[in-house]
Amino acid sequence: MRNAFIVAYDISDPGRLRRVYRTMRGFGDRIQFSVFRCELSPSERVLLEAALTKYLNTRDDQVLIIPLGPSGGRHDAGIRSLGRPFVDSERRAIII
């Protein structure tokens, strides 16, 4: 079963920040600077954590992984935005 997560990170070094950002692009959709929405299976979550841990300085950096529940659940319609509207960048298949 896939679950939705918000992953937010605060990385103090620009080089590590770029590596974390590139890693996150492979796991989810960016919704704000340093904030991603991911739908992950349990094994994908383990892979994500292992990939991010390689780049972190555990004294200076922080990554928060916030569970939202099963993918497609009530939380999908519960995102509220103040200011610019939130646009869901739902992944769609492209057939060529």
Side-chain angles (χ1 to χ4, degrees):
M1 171 187 267
R2 298 178 74 74
N3 286 299
F5 297 90
I6 294 293
V7 180
Y9 53 88
D10 183 12
I11 309 298
S12 61
D13 175 75
R16 288 195 310 268
L17 177 62
R18 281 189 298 277
R19 289 188 289 275
V20 167
Y21 172 74
R22 280 189 228 121
T23 299
M24 287 304 306
R25 282 190 344 197
F27 285 93
D29 298 314
R30 188 180 83 136
I31 57 175
Q32 278 199 344
F33 293 116
S34 302
V35 180
F36 279 74
R37 182 182 181 284
C38 305
E39 291 185 6
L40 306 170
S41 68
S43 60
E44 289 169 333
R45 182 176 175 178
V46 169
L47 291 173
L48 172 63
E49 290 181 18
L52 293 175
T53 300
K54 289 191 301 190
Y55 302 123
L56 298 180
N57 175 329
T58 56
R59 222 172 336 130
D60 298 329
D61 302 334
Q62 182 181 53
V63 175
L64 300 175
I65 301 173
I66 304 163
L68 299 176
S71 294
R74 244 181 89 204
H75 64 274
D76 286 343
I79 297 175
R80 293 190 59 201
S81 174
L82 303 176
R84 289 185 301 122
F86 172 72
V87 178
D88 188 6
S89 59
E90 187 176 316
R91 293 182 183 190
R92 290 174 170 69
I94 298 173
I95 301 172
I96 299 176

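Numbers for residues simply follow the sequence, beginning at 1.
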Check your understanding: Is V46 linked to L68 within one hydrophobic cluster, defined over Ile, Leu, Val, Met, Phe, Trp and Tyr using a side-chain heavy-atom separation of less than 4.5 Å?
Key -> no

Practice item. Find the distance between CE (M24) and CG (D29) and round it off to the nearest 0.5 Å. Key: 9.5 Å

Check your understanding: If you round to the nearest 0.5 Å, how far is OH of Y9 from CD of Q62?
Key -> 13.5 Å

Under the side-chain contact (heavy atoms from CB on, under 4.5 Å) test, residues paired with [X] that sit two or more places apart:
X   : answer
D61 : I11, S12, R16, L56, N57
S41 : R2, S43, E44
V35 : I6, A8, I31, Q32

Heavy-atom closest contact ([X] atom, [Y] atom, distance):
X   : Y   : result
F27 : L47 : CZ-C, 4.1 Å
R30 : F36 : N-CD2, 3.4 Å
A4  : S71 : N-OG, 3.9 Å
S34 : L17 : OG-CD1, 4.4 Å

Point to revise | Contact check, side chains of T23 and L52, non-hydrogen atoms, under 4.5 Å | key: yes

Practice item. Mind checking salt bridge (charged side-chain N to carboxylate O under 4.0 Å, His left out) for R18 and listing every partner two or more places apart, or none if nothing turns up? Key: none

Point to revise | side chain to side chain donor-acceptor pair (under 3.5 Å) partners of R45, counting only residues at least two apart | key: E49

